[in-house]
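Each chain gets a letter, A, B and so on, in the order its sequence line appears, and its residues count up from 1. Please read all numbers here as calculations on a predicted model, not as lab measurements.
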Amino acid sequence: MSILGLTYCPWSPIFWLLASAIVMIMAYFFRRRGQKKYKKDTAQTRIFLCGEEVPEAKQRHIRAHNVYWGFFETMKEYYDANIKAHTGIINDYIIWFLVLIAISAIILFIVG
Amino acid sequence: MSLNTIKRALWAYHINTGSCNGCDIEILAVLTPRYDVERFGIRLVGSPRHADVLLVTGPVARQMAPRLKRVYEQTPDPKVVIVVGSCGLEGGVFYESYNLVGPVDQIIPVDVYVPGCPPRPEAIIEAVAKAWVKLEQAEKQGVT
Amino acid sequence: MKNEEMETTYTIPVGPIHPALKEPIRLDLKVDGERIVDVDVVVGQVHRGIEWLGMNRNNPIQNIYLAERVCGICNISHPFAYVMAVEHAAGISPPERAEYIRAITAEMERIHSHLLWAGVAAHEIGFESVFYLVWRVREKIMDLIEYVTGNRVTKAMFQIGGVRRDITEEQFPRIRKTLDYYKSIFDQLKTVFLDDRTIRMRAKNVGVLKREDALKLLAVGPTARASGVAKDVRQDQAYSAYADLDIKAVTPDILTGSIVGDVYDRIIVRLLEIKQSMEIIERCLEEMPPGAILAEPKMAKVLNTLKKAEGEGVGRHEAPRGEVIHYVRLEAGRETLATWKIRAPTYVNLMSIPTILKGGQIADVPIAFASIDPCISCTNRAMVVDRKTNEKSIMTYEELHQLCVEKTRRLSNGLVK
Amino acid sequence: MDWSSNSYSLTTVAIVVGSIILALLGAFFGLLYRGIDRKLAAHMQGRIGPPIIQPFRDIRKLLAKESIIPDGGLSWLFQACPFICLVVSILLLTYIPVFGQRALLEGYGDLVLILYLLIIPSLALVVGGFASSSPFATVGAQREMVIMMSYEFPLAVAIIAIAWRISHVTDINPFIFSTVAQYPIWNQVGPVGVIGSLALLFTLLVVTPGEVAKVPFDIAEAETEIAGGLLVEYSGRNLALFYLADTIRAFVMVSLVVALFFPYNLSPVIGIGATAPAVIVDSLFFLLKVFLVMFISVILIRTAMARFKISQASYIYIIAMTLIGLVGLILIHVDMIV
Amino acid sequence: MEIVKILLKQLLQTPATNKFPAKYAPKSTIKFLDRIKKGELKLTPPIAVPPRFRGKISYNREKCTGCQLCLKVCPTKAIEFIPEEKKVKIFVARCCFCAQCVDICPVDALAMTDEFMLSSYDKYADELVVTK
């Protein structure tokens with residue numbers, strides 16, 4: 001009952017579903033007005049590749065590696081710095097740890 | 001389905017099948033402020049899937065023929081094909097060359113021909129108007 | 001797992017039918033993420049057999065119009081080089097006034113071509129407003145071209161031994177008016193192109209062609225000049241009316257003081273060349289000598305002379321895209337040309353495409369590719385087709401070299417006879 | 001418009017009727033504003049441009065075209081994506097106050113929900129792109145994904161900064177639009193805070209073209225680079241759904257900016273008390289506000305800029321816009337201390 | 001930013017567009033053309049062509065002597081000779097509008113007109129074959 005309660009709630013799934021259902025029905029009717037026919041299993045359904053012959057699905061598969069490329073490219077400096085920091089030498093990590101503890105101690109000391 | 005609905009929102013896709021570029025720049029010129037065909041709802045789109053009009057230029061070089069056919073097939077119906085420029089009509093100065101398989105209407109069905117080498121932008125607009133008339137007549141006769 | 005499957009790159013074809021390219025050519029891009037690892041340029045889609053037509057079907061006068069349609073944008077440049085080659089071969093010298101008219105039309109074409117390029121470049125980087133702005137400005141020169149030559153695009157001005165149409169005194173004011181308009185608008189264009197932040201973001205350090213590479217890859221025209229190679233046929237081997245005008249090749253350091261060889265520099269070169277062309281036209285108008293415009297006004301006579309003529313000739317012209325060369329050989333008693341060889345500027349500039357694109361992003365492809373102002377229809381004139389099997393094949397370097405040697409031998413034998 | 005009546009059935013009916021009306025209005029005004037956008041952009045470029053009702057014609061035309069489903073793609077996913085995109089775009093309208101009224105589902109969803117819902121249309125585009133199995137669409141999809149990840153953070157910063165500032169003024173939940181409307185940000189802050197709020201507004205205005213995929217952030221659809229990008233294989237009614245969703249999304253995004261930064265109504269100012277005239281006046285005022293925001297953040301930006309590269313766009317959002325957003329946040333905070 | 005200035009300036013100016021043939025697409029083109037024929041509506045004319053414009057070719061059959069010089073220079077083989085009548089026939093669909101035949105014609109039987117709007121549904125339509 002608390003969900004349906006008309007006091008404030010961050011998200012009411014019931015009303016959300018209700019509204020979605022209405023909108024979906026409307027979108028469905030809109031969609032149904034469209035032309036549904038197309039020429040199945042003809043040359044028409046082949047993907048557009050600048051007019052070239054379409055290679056096999058395997059060849060045009062793009063590996064997931066490429067998906068976040070733009071993101072990596074932007075954050076390159078950040079990642080590079082991070083990778084540099086991770087030297088794999090345990091002494092470095094311990095120094096990081098000690099420095100951080102020292103800094104937090106100072107902050108705690110000042111604030112406290 | 002109504003052909004009339006298509007008439008005033010023609011999206012065009014431009015295919016060069018080996019033309020000399022003259023017609024292509026005139027097609028681009030048609031979009032620019034002086035002629036501005038966007039006022040008729042025409043705009044150039046990036047994919048034949050979105051297109052209603054194929055603007056074909058050039059005499060169809062051997063390598064381009066299968067590609068032209070493919071793109072024509074990939075364009076959803078109903079569609080209009082306008083051939084711009086004399087070499088797309090009849091080969092123009094390139095007639096009888098060994099590497100041509102055109103003109104365009106031997107590869108795909110053509111609706112409107114625009115002679116000119118290259119045609120003035122207004123002639124291309126007139127061709128669009130001819131295409132409207134054709135669509136309206138087809139609508140009247142109940143052709144889909 | 002096989003090594004092949006572990007490959008992280010993929011291939012996307014750009015072209016032959018692609019909105020970034022106004023002409024058919026295929027670039028096979030090997031991409032990692034969006035970084036271009038390798039580029040393969042596949043040409044041959046627009047091959048129309050122009051040289052073959054010129055050697056087998058057409059007489060030299062018909063060839064002028066065929067040469068005009070080698071490329072619709074450089075349709076002064078090709079006939080210009082062609083008629084020079086034929087005149088050279090047949091020993092005809094055009095009257096001086098015709099030379100000036102030729103230069104004026106050629107420079108008008110350069111203005112129109114560079115403006116067209118600027119608009120297309122803006123279109124390629126999604127800057128529609130600049131595309132519209134530039135093409136709106138360009139209509140003025142198109143009107144002028146139509147006024148002077150009778151057609152907006154294909155001008156049909158050239159004739160063996162001169163030009164077909166005179167530029168008369170009453171046409172001067174209109175030409176000057178148009179030039180004044182461009183002068184008044186030039187600074188605005190310059191600011192729009194060179195000071196705009198987004199254009200700088202897209203053009204600076206993109207598609208760099210270093211001076212050494214430009215020399216090595218034999219780049220021509222604005223592409224070479226933007227890389228700091230100050231070569232320009234009008235300067236190096238002045239011909240026609242240019243000989244009187246003392247033209248200096250435009251390099252980007254005139255404006256910026258440094259040469260990077262990127263897309264931005266190519267924009268600078270083209271913009272400055274527009275200004276240079278305006279100055280050339282003005283000087284031509286001032287200094288245009290009176291006289292006839294054709295060495296021989298009767299075309300039937302010209303055809304007869306050419307039929308009887310024997311010899312070979314070369315015509316070179318600095319097209320908006322770079323140097324265009326036509327080689328022509330005439331044989332007595334033959335109506336068509338015995339040999340016709342065209343070397344269009346894009347043909348050599350295409351060699352620098354892989355260098356320009358490598359290391360860039362997919363997003364750089366349209367603008368970097370457009371920055372050499374490619375004219376594919378100029379380029380495609382050779383493909384190997386086995387007539388019997390109708391099979392197309394790509395020849396190896398050695399085979400091609402062998403064929404070249406044989407052909408040269410055949411040609412030189414023909415000459416000796 | 002009081003939803004806190006104690007009758008559930010009445011609320012249900014109101015929501016049913018309300019969503020139908022909102023869907024229709026959203027579609028209508030979305031397309032209308034797209035028409036205005038195209039017309040004004042054309043005039044700015046020195047052309048006449050299409051008639052304002054052109055987008056309606058485009059939609060009608062697209063419905064008459066064949067809807068091709070390409071080989072190799074997942075057919076059901078390919079068709080479901082535009083559908084989901086449209087549904088969620090309209091659904092967003094029910095949570096955002098439009099036409100100077102309170103949101104239809106006011107109290108049943110807050111700003112955080114909107115942040116979540118805003119992702120879904122972009123996600124639908126991405127999935128649709130991947131489902132088309134065309135390399136162009138894949139490149140477009142990955143670009144859209146990166147853009148989406150990039151603008152999400154500055155968007156969240158801007159929204160949360162406002163809510164956070166308001167939370168210092170009142171005890172009512174600051175994530176509800178009615179609270180935002182009750183305590184407009186400009187009225188709560190001093191001069192330093194105004195600068196901070198301006199920074200936040202700027203952030204949202206720059207995020208808007210990214211969200212609605214317009215130049216300079218239309219990288220995912222870049223026509224000249226990747227042939228229409230993730231929409232390359234869509235045609236007919238599927239494209240029509242995306243087209244409609246796109247226009248509604250633009251309307252939603254601009255309404256969100258208006259609701260967050262300009263929640264003022266005209267009727268109390270000029271003293272119209274009666275309900276019906278007040279609704280009309282407020283609606284018109286709202287449409288004017290939407291127009292102004294859209295003019296600056298969509299029309300002007302899209303005509304005055306070139307398309308960015310994906311790394312540049314991503315940089316602008318992740319680094320520059322986030323920084324500006326954070327500066328705005330700090331300035332608002334400083335304003336409180338001062 | 002210079003471009004913003006230009007854009008805002010152009011927003012207030014009248015567009016540079018020449019409204020040929022009408023400002024927007026007419027609802028029914030057939031009716032629109034009918035009304036123009038009846039004189040109820042007026043077309044916005046295209047940009048005027050200059051005096052030396054090369055449009056559709058015109059042919060003066062009487063003047064023609066059948067010398068066939070035009071056939072010799074036509075780069076597109078658009079001109080066909082009719083041996084029985086010693087006259088020619090010109091296919092506009094093939095013409096490249098270079099006007100070389102006009103230049104060479106010894107009796108001035110050929111000329112270029114101003115007509116350039118030539119599009120048609122049939123490339124061999126009567127108006128695209130010049131016989132007189």
Which heavy atom in [X] sits nearest to a heavy atom in [Y], and how many Å separate them?
X: M26(A); Y: S19(D); value: SD-O, 4.5 Å
X: F83(D); Y: Y28(A); value: CE1-N, 3.5 Å
X: V87(D); Y: S20(A); value: CG1-O, 4.4 Å
X: R31(A); Y: Q79(D); value: NH2-OE1, 2.7 Å

For atom [atom1] of [X], is the number of surrounding heavy atoms from other residues, nucleotides or ligands below 6.0 Å larger than 12?
X: I94(A); atom1: CD1; answer: yes
X: Y93(A); atom1: OH; answer: yes
X: F56(D); atom1: CZ; answer: yes

Between L244(D) and chain A, with a heavy-atom cut-off of 4.5 Å, which part of the residue counts as in contact: side chain, backbone, both or neither?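 It is the side chain, since no backbone atom gets that close.
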At a heavy-atom separation under 4.5 Å, does I114(D) approach chain A through its side chain, its backbone, both, or neither?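 When you check distances to chain A, no heavy atom of I114(D) falls under 4.5 Å.
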Where on M24(A) is there a heavy atom nearer than 4.5 Å to chain D: the side chain, the backbone, both, or neither?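 When you check distances to chain D, atoms from both the backbone and side chain of M24(A) fall under 4.5 Å.
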Can you find a pair of side-chain heavy atoms, one from F30(A) and one from I59(D), that are under 4.5 Å apart?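 A side-chain contact exists here, since the closest heavy-atom pair is under 4.5 Å.
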Does the side chain of I318(D) reach to within under 4.5 Å of the side chain of Y78(A), using non-hydrogen atoms?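 Heavy-atom side-chain distance check fails, nothing below 4.5 Å.
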Set of ring-ring contact (aromatic ring centres under 6.0 Å, His included) partners for F251(D), sequence neighbours left out: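 Checked F251(D) against ring-ring contact (aromatic ring centres under 6.0 Å, His included); matches are Y33(D).
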Point-to-point distance, once rounded to the nearest 0.5 Å, from [atom1] of [X] to [atom2] of [Y]:
X: R237(D); Y: R32(A); atom1: CZ; atom2: CZ; result: 10.0 Å
X: T94(D); Y: L18(A); atom1: OG1; atom2: CG; result: 10.0 Å
X: I20(D); Y: I25(A); atom1: CD1; atom2: CD1; result: 8.0 Å

So which residue, I319(D), L63(D), I90(D), ends up with the most heavy-atom pairs under 4.5 Å with chain A?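 Of the candidates given, the most pairs with chain A belong to L63(D).
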